[in-house]
Amino acid sequence: MQLTLWTYEGPPHIGAMRIATAMKGVHYVLHAPQGDTYADLLFTMIERRDRRPPVTYTTFQARDLGGDTAELFKSAAREAYDRFQPDALLVGASCTAELIQDDPGGLAKALGLPVPVVPLELPAYQKKENWGAAETFYQLVRTCAAPSVPAPGWQRPPRGDARPRCNILGPTALGFRHRDDLVEVRTLLDELGIDVVVAAPLEATVQDLMRIGDADFNVVMYPELAGQAAQWLERTFRQPRTKTVPIGAAATQDFIREVATLAGVDAEPLLNARKSRLPWYSRSVDSTYLTGKRVFIFGDATHAIAAARIAQTELGFKVVGLGSYSREFARDVREAAKLYDVEALITDDYLEVEAKVQELQPELVLGTQMERHIAKRLGVPSAVISAPMHVQDFPARYSPQMGFEGANVIFDSWVHPLMMGLEEHLLAMFRDDFEFHDDAAPSHLGHGTAQRVEAEPSAPVASAPAPQMPVSSIIWAAEAEKELSKIPFFVRGKARRNTERYASERGVATVTIETLYDAKAHYSR
Amino acid sequence: MNSMAPLEAGRAAQGCSSAPTVLRQRGQREVFCGLTGIVWLHRKIQDAFFLVVGSRTCAHLIQSAAGVMIFAEPRFATAIMDERDLAGLADANDELDRIVARLVERRPDIKLLFLVGSCPSEVIKLDLARAAARLSKVYSPTLRILNYSGSGIETTFTQGEDACLASLVPELPAEDGAAGQSLLVVGALADVVEDQFRRLFNALGVGPVHFLPPRRSTDLPAAGPRTRFLLAQPFLNDTARALEERGATLLPALFPLGVEGTTAWLKAAADAWGVSDAAFDAAVGAARTRSIAALDKYKDQLGGKRIFFFPDSQLEIPLARFLARELAMQPVEVGTPYLHQQHLAHELPLLPDTTLLSEGQDVERQLDRCHAETPDIVVCGLGLANPLEATGLTTKWSIELLFTPIQGYEQAADLAELFARPLVRRARLEV
């Protein structure tokens, strides 16, 4: 068992719903108890979709468990087919139905429906939402593409003079900016002179998936969601796949080069013609104050890894923490963490992430809605970079993360929450000003006093002393304690620890103002 | 599956001339499970913590259901079971002990812990009553540990509150031997509503008055043969039964929604305390007059409007009664997850004869009926609201009726406004 306040991912059948909802003409019959229909609101409320997800739930109750739940599933599947006339049917079980072992796949096959039926085995007590989405997409692609699978040993013939063609794989319903990322990626491909055979699953049909083998290669937008299908397509249809995710100014350029190589076209015209504003905004002197800002990053693997690169190399921040809840991609995150000399935090335990943020005391948190809560409670600025999301993370405006425009959006949305340069200096210089204090928010973000109202009294507070004090019983003189309070709160804990370590190494029992500045000089080398 | 059943009690017993029928269909039920009640209960009982023993789906439900992510540090959590817990129940119990220990360490301020059963914990027959008893021994007396089921296979939405309150009933202390009769108001109410009712009961000379659930678990009211209780909510069957088993007496009444409902509800208590009609009018007259005037301005906006209820909270029938009788709305179909004839005995005869009552749900066929009726406003859950709006219908999210103070005189107009607002908004928008 795992104690969970918030969960980063839903159960795997939510992933299957994201695929079914993204596509056209696919219906999902889910063997699930009453109550599991809550999942509809993720799509209709959080994503503001104007249609119900194409899902039929059996919604069995206790009285059904004594009877024939298998028959209940069969009638639900038959009625769903009759009513919705889908081109393909997904069938599966949620966590509770998995325990009663009715075999939805077998039951649905027995109905003899005239459309492809894809049985989904999504182990709810082992796997989670993104895995469920990837598995569902893979199974659906496999089923739809089966008739056109070439013989083993087949090699893709040279393309000749035809225009290069690719598929775009990955965007789903309820994805973080997937709708806009897809537009951005399509634009880049179009400008490179590459045709798109299928973009899936978002807005794709079953007929589209049947043609998926026609493309020369695949663009994988989100490896968590499309990696598994792309690997199968590579093995089966000899379609190479992209490895670069175009989030960030440099990654977008890398992506263009990678795609151009796969397509056999020249990347230079596009690289010369199109640029993000991020590099110049970052070089403009106003951005100097961003230098070395300590940033903590947590999210799905794709967005966290991309964010770390942007933060460190494109905005000049310092990555002090990098982590992900995507256990399946732990290796990639660990590799990335090495670049910034930090240890990757691989966990789906919100409490662990919270403890880490408290320990690291970053100046900016880039994370999910969960980290936004942590940051808010600790009074640290934050921006959302990854699912899980809130309704506000589906903005009305065009707001991609990918491509050149995505880099512009990222510059704005990460820099905006921070204190502006000169304001920060003034805050540090005049700490006793009654309006300038640790709890004051950046003046362009409205009234700062509102910032901490949600914190509960029992919640631990960031500016409290570090939980583990050194074993040595070091005493702080009153004036040293007062001087310490003049140091900005986000580095105060570190200053206290350094000073105490310095004192204990030198056998100093009482920290004075002198000790504080001796330690400062010592550690500033 | 379809059935039309005559309404046995209710209207027939009241001598209603026509023979109303209840449509019962079986199919997909688009309703929340009982775990959802935690969303408001964890705010109501300020020193209680709700630990769901369930799956990732349960955790995902609670955090998604009501946008509860606005609370940075909730007083609820889920112990998510994994494969190892399914493999051996002994291990599952050890794991539960470990989780509770971690929780207690993190939240030492908690005085009452509910272990809340879920669909998976019930299917694998994890005995949470036993676990609660075992853990109570460890943490008594600083922490009381109870259990109830909020699973979807056992409970629909507000039945979770019923199960929670029913689990509190055996914990209520016995009445003081010397005490006279007391009034217990049962069902979670907004604090402001509770305070209003307390003032009215004081003015009536009805008391002492206690509320279940209390704001703090250390203030559990007594229950016994001299306890008279009023239900503030229509979904509390098990709690009412448990109180009756303790010897308490239910004061049957309309539910306190709207002026009429509130008056009848207060009157039921006043009668039990032998308050004269004149004294009753003197005590409630001002509030009643004020609320009638406040309701008046909504009559134009809502009068004659046709309303369709999808089943959700079991509040549907009292709400339809209020809207029909005090605002002249026309309930077309009133769906409810369960039709509890006994507790609704006063409500049912007051519904118009033209109203179709439906119990249970086949959501697809109910949507067909809704589209065919093209009502002026549809009361439905969050999964259906935007899709119905997109087809041109006006909707009111039913969950808001649980999160908003709607009971009592001072809230009667607020309740009407909840229904008027979507109509006003639609009329106002020009895009």
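Proteins come first, then strands; the chains are lettered A, B, ... in the order of their sequence lines, and each starts at number 1. Quick note: numbers below take in every heavy atom, side chains included, and nothing from hydrogens, waters or symmetry partners.
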So which atom in B/Ile153 and which in A/Pro33 form the shortest heavy-atom distance, rounded to 0.1 Å? CG2-CB, 3.7 Å
Which heavy atom of B/Trp397 sits nearest to which heavy atom of A/Met45, and what is that distance? CZ2-CE, 3.6 Å
At their closest point, which heavy atom of A/Leu5 faces which heavy atom of B/Phe76, and how far apart are they? CG-O, 4.3 Å
Quick check on B/Val100 against chain A: is it the side chain, the backbone, both or neither that has a heavy atom closer than 4.5 Å? neither
Candidate pair B/Arg84 and A/Tyr125, rule side-chain contact (heavy atoms from CB on, under 4.5 Å), full reasoning: CA-CA 9 Å; B/Arg84 284 166 309 166; A/Tyr125 299 92; over 6 Å; no
Which of the residues B/Ser121, B/Cys33, B/Pro120 is involved in the greatest number of heavy-atom pairs with chain A at under 4.5 angstrom? B/Pro120
Would you find a donor on one side and an acceptor on the other, under 3.5 Å apart, between the side chain of B/Asp85 and the backbone of A/Met1? yes
Under 4.5 Å from a heavy atom of chain A, the part of B/Leu388 involved: neither
Atom pair OG1 (A/Thr44) and CD (B/Glu389), whose distance is rounded to the nearest 0.5 Å: 11.5 Å
Contacting region of B/Glu364 [heavy-atom separation from chain A under 4.5 Å]: both
Atom CZ of B/Arg215 with >12 non-hydrogen neighbours under 6.0 angstrom: yes
Taking atom CZ of A/Arg63 and atom CD of B/Glu154, what is their separation to the nearest 0.5 Å? 11.5 Å
Does any backbone or side-chain atom of A/Arg83 lie under 4.5 Å from a heavy atom of chain B? Answer side chain, backbone, both or neither. side chain
Using a 4.5 Å cut-off on heavy atoms from C-beta on, say whether the side chain of A/Asp40 contacts that of B/Leu384. no
Is A/Lys127 paired with B/Asp82 through a side-chain N to carboxylate O contact shorter than 4.0 Å? no
Measure distances from B/Val363 to the heavy atoms of chain A and classify the residue's part below 4.5 Å as side chain, backbone, both or neither. side chain
Select one option (side chain, backbone, both, neither) describing which atoms of B/Leu35 are under 4.5 Å from chain A's heavy atoms. neither
Tell me, yes or no, whether the heavy-atom count around A/Glu121 atom CD, taken from other residues, nucleotides or ligands under 6.0 Å, exceeds 12. no
In short, B/Asp362 meets A/Glu79 closest at the heavy-atom pair OD2-OE1, 4.4 Å
Under 4.5 Å to a heavy atom of chain B? For A/Ile374 that would be neither
Greatest number of heavy atom pairs closer than 4.5 Å to chain B - which of A/Lys128, A/Glu98, A/Gln61: A/Gln61
Tell me, for B/Val31 versus chain A, whether the close heavy atoms (under 4.5 Å) come from the side chain, the backbone, both or neither. both
Please state whether the side chain, the backbone, both or neither of A/Glu129 comes within less than 4.5 Å of a heavy atom of chain B. side chain
Are the side chain of A/Thr96 and the backbone N or O of B/Cys119 linked by a donor-acceptor pair below 3.5 Å? no
Which of B/Leu103, B/Ile80, B/Thr78 passes side-chain contact (heavy atoms from CB on, under 4.5 Å) with A/Leu3? It is B/Leu103
Considering only heavy atoms and a distance below 4.5 Å, find which of B/Ala77, B/Cys58, B/Ser151 pairs most often with chain A. B/Ala77
Checking B/Ile110 against chain A: side chain, backbone, both or neither under 4.5 Å from a heavy atom? neither
Below 4.5 Å from any heavy atom of chain B, which atoms of A/Arg52 appear? Answer side chain, backbone, both or neither. both
Please report the C-alpha distance between A/Tyr38 and B/Thr57 in whole Å, then the side-chain angles of each, then the deciding distance to 0.1 Å, and finally whether the side-chain contact (heavy atoms from CB on, under 4.5 Å) criterion is met. CA-CA 10 Å; A/Tyr38 81 88; B/Thr57 314; 3.7 Å; yes
Is a donor on one side and an acceptor on the other found under 3.5 Å between the side chain of B/Glu83 and the backbone of A/Gln126? no
Is it true that A/Asp64 and B/Arg26 make a salt bridge, defined as a side-chain N closer than 4.0 Å to a carboxylate O? yes
Apply side-chain contact (heavy atoms from CB on, under 4.5 Å) to B/Arg106 and A/Leu351, showing your working. CA-CA 10 Å; B/Arg106 189 179 160 82; A/Leu351 299 175; 3.3 Å; yes
Within the side chain of B/Asn386, is there an N or O that forms a donor-acceptor pair under 3.5 Å with the backbone of A/Arg48? no
Region of A/Leu42 in contact with chain B, defined by heavy-atom distances below 4.5 Å: side chain
Does B/Arg56 pair with A/Asp36 as a salt bridge, N-O distance under 4.0 Å? no
Between B/Thr156 and A/Gln34, does any side-chain donor sit less than 3.5 Å from a side-chain acceptor? yes
B/Gln28/A/Thr37 under side-chain contact (heavy atoms from CB on, under 4.5 Å): CA gap, chis, key distance, verdict: CA-CA 9 Å; B/Gln28 178 175 321; A/Thr37 52; 3.8 Å; yes
Keeping A/Thr59 on the side-chain end and B/Arg29 on the backbone end, is there a donor-acceptor pair under 3.5 Å? yes
